[in-house]
Amino acid sequence: MPSTPPFIRLLPGLLAATALLAMQPLRAVSDPGFKVETLADGVYAAIRTDPPGLMVDANSLFIVNEADVVVVDAPEASAEMIAALRKITPKPVTYLINTHWHDDHVIGNAVWRKAYPGIHFIAHASLRDYLPGTGTKNREGMIKGAPEFAGQMQAQMDQGRNLQDQPISDEERISYSSDIRLVKHYMEVVPGTPNVLPDIAVDEGLTLIRGTRRIEIRHLGNGHTKADLVVWLPAERIAATGDLVVWPVPLVGNDQSHVRDWPATLDALLKLEPAVFVPGHGPVLRNADYPRQMRDLFASINDQVAASVAKGASLEDTRKAVDLAAFRDKFAGDSKVRRFAFGMYVTGPAVESAYRDAKATP
Amino acid sequence: MIARAAKPHLLASVAALAMCSGASAEPRAPFDGDVLRSATGIMAFSEVPLPPSSVHAKFHYDTVPVAAGITTFVEGPSHALVQGNITLIVGNDAALVVDTGHFPAVARRVIADIRRLTDKPVKYVAVTHWHMDHYMGNAEFAAAFPGLAIITQNFTAPMMDKYGRRYVDYGAKIEGELKPLRDMLASGKAPDGADIAADRRQRIETAIAEAEAAKPEFALMRYRGADLSFENTLDIDLGGRIVKLMHLGRGNTAGDLVAYVPDAKALITGDVLVHPVPFSYGSYLGEWSAVLGKLAELDATVIVPGHGPVMHDKTYLLQVRGLLDAVVAEVTRVWKPGMSGDEVSKVMDLGKQRDAFCHGDKSLEAGFKASIETAGVDRAVQQLEGKMKPESFDEKD
């Protein structure tokens, strides 16, 4: 999730000092919240099974090699993921790659290190500055605000109203319940967890040579953050994208994302011609349609915003001028949850991000 | 000394000396990491004066403090069995070693020394380039420090795989290479029928002793390649200390890696810098000068070369840069399309540079002639022709 939880920034009215209500996990205790899919020989994706919502935890990838295992991302559910991995192989995890700096991709580092003491952590060099500074500050805000948010979601359900104060639908009820469950898990796992910074910090890329397996780690450009890494298996044609690709709607973190650069970064990803995309959030994608749709969305936002800025429009006027209705239909269909998420995670922050960059360098 | 100046690598040094003696069948061949190419190589070795103590000092190294937490195991003087410098960099959590040397026996002794110097585990090895005297100790380090990550530049990783993997079998070939020398000692005659003088006999005996001393090392040698490779930069955090691994362009090889420790203002160069005479087989002289220019701009007060002593200023680095510039300038001045490296060598003049590096020392001059005036000139000519040959001559041109 973006470091400053968007729901905390964008829903201040909803975050009146609501007492934290009892949260009722709807899921069976044995359900870890993800399923493991085999993508190729020795390559396993741990894919979140939560319904779309405002709160997320990340996917992960296990790459089992001749003598060891390489893992992509360390989500909040890392303890559960370690248990799942141990059912697959007793081989040790030697390298873990954080695709960027947000907690749902890095907070599990400490757990992985405890389980595999010799492990190396690989990430973009900018994590070393971000995580102890802004990242930690934002985490404190999240820890403070998340229970209130969950309480609010519970209150909405109790009152039978959605966040727009309309009668709540079944889809929204399922989504809100998931959000509450994820917040509860977040609060169990995150507070008090130390930052584990990368010992191997990349600027542009790195190749891991693990027996016959080649694992390429690439910084293809800025997008979701300036720390985005893609993990690319050239022989298997599998790309773990981190939050450069997020389903069902992109995840734009206002001040941390780079909408201006995002289309070119996705073009660089598409140029690899992956057969399989493992997004940061969402199901395994077996073709390039969705990443291409994301690229087109951001390109359109950039074009519309640039045209507006060229006319000297303010941010507010630009927001009004930019028309993303067709894209919202494409991404969200008539799902109320997805349409709401699109407004929250795309329309608001993406226009602002593009506007900021367009003003800085027209 | 001479052999080290000429070749950063055991018995292959012999091939280089062949060049300066004119005895080799392939006198201008670029460096082939594979070999003791041929008997002609060893015979050539016997033509060049050797320091008398070379056999006794064969695996000697000096343990030299470089900066707080940084120690270099500096290749000992006066021997033909070359062995790149090995540098230990210790942080609060872990240690990184730059290069692992040529011989298992040396690596084992260095590892024991490292354990005496620090209780931090060596978690990283950075290999500066693909010449074997810099990484054939990898397997020893990997065995001593489980979980070790061996890091190098993208070009270097497959070159290590190719040459290092095959080098472990080299011991079996040594005896065949020595046979012509043994024949010379037995008959008292060189292949051309000339009598073997006493001093020449002594040099041949030394060469044989050197080669025999290396044999058990090959029996111990195992190949261990890279775990990770990068293109331009990689930062390693040792805990309270960052080591910046950088590839600043082609120089001594196409994959040169240097290690820079900002907090200690320490720079470990690999063979981008070799003392007392640069090693320029298969190198890229013009680009190399640019790399040295970038190194000169780093805030470094202590410099560890690939071979030679720890340096406390940039004098030698700038001197090497000046030499490379002079070679390129001189070759550019005299070369005309169609001219070979040989023809260029005959008409060019590097006397001033030769004197500055060799100070009249005949052994150094032989190394200078082989490395700079022959191999280096060839590479400068190739660059002018716009047709750089591969760094190693068993690759298809």
| query | Contact part of B/Ile150 toward chain A, heavy-atom cut-off under 4.5 Å: side chain, backbone, both or neither? | reply | neither

| task | Please round to the nearest 0.5 Å and tell me the distance separating atom CD1 of A/Ile200 and atom CG of B/Asp237. | result | 10.5 Å

| message | Out of B/Ile242, B/Val243, B/Ile151, return the one with the most heavy atom pairs under 4.5 angstrom to chain A. | response | B/Ile242

| field | For A/Ile209 against B/Ala226, the heavy-atom pair lying closest together | value | CB-O, 3.6 Å

| remark: Answer key: most heavy-atom pairs under 4.5 Å with chain A among B/Leu238, B/Asp227, B/Leu245 is B/Asp227

| note | So, the part of B/Ala94 with a heavy atom under 4.5 Å from chain A: the answer is neither

| Is there a donor-acceptor contact under 3.5 Å from the side chain of A/Glu204 to the main chain of B/Asn232? | yes

| message | How about NZ on A/Lys91, more than 12 heavy atoms from neighbouring residues, nucleotides or ligands closer than 6.0 Å, or not? | response | yes

| task | Count the heavy atoms belonging to other residues, nucleotides or ligands that lie under 6.0 Å from NZ of A/Lys226, then report whether that count exceeds 12. | result | no

| What residues form a ring pair (Phe, Tyr, Trp, His ring centres under 6.0 Å) with B/Tyr124, not counting sequence neighbours? | A/His120

| Part of B/Asp93 within contact of chain A (heavy atom distance under 4.5 Å) | neither

| request: Taking the side chain as every heavy atom from C-beta outward, state whether B/Leu228 and A/Tyr95 have any atom pair closer than 4.5 Å. | output: yes

| request: May I ask you to say whether B/Asp235 pairs ionically with A/Arg128, meaning some side-chain N is under 4.0 Å from a carboxylate O? | output: yes

| query | Given a strict heavy-atom distance threshold of 4.5 Å, which part of A/Pro198 is in contact with chain B: side chain, backbone, both, or neither? | reply | backbone

| Residue pair B/Leu234 / A/Val202, side-chain heavy-atom distance below 4.5 Å | yes

| request: Measure the spacing between CZ of A/Arg214 and OG of B/Ser229 and express it to the nearest 0.5 Å. | output: 8.0 Å

| request: Please look at A/Thr207 and chain B and tell me whether the side chain, the backbone, both or neither of the residue comes under 4.5 angstrom of a heavy atom of that chain. | output: both

| task | Please round to the nearest 0.5 Å and tell me the distance separating atom CG of A/Asp203 and atom OG1 of B/Thr233. | result | 4.0 Å

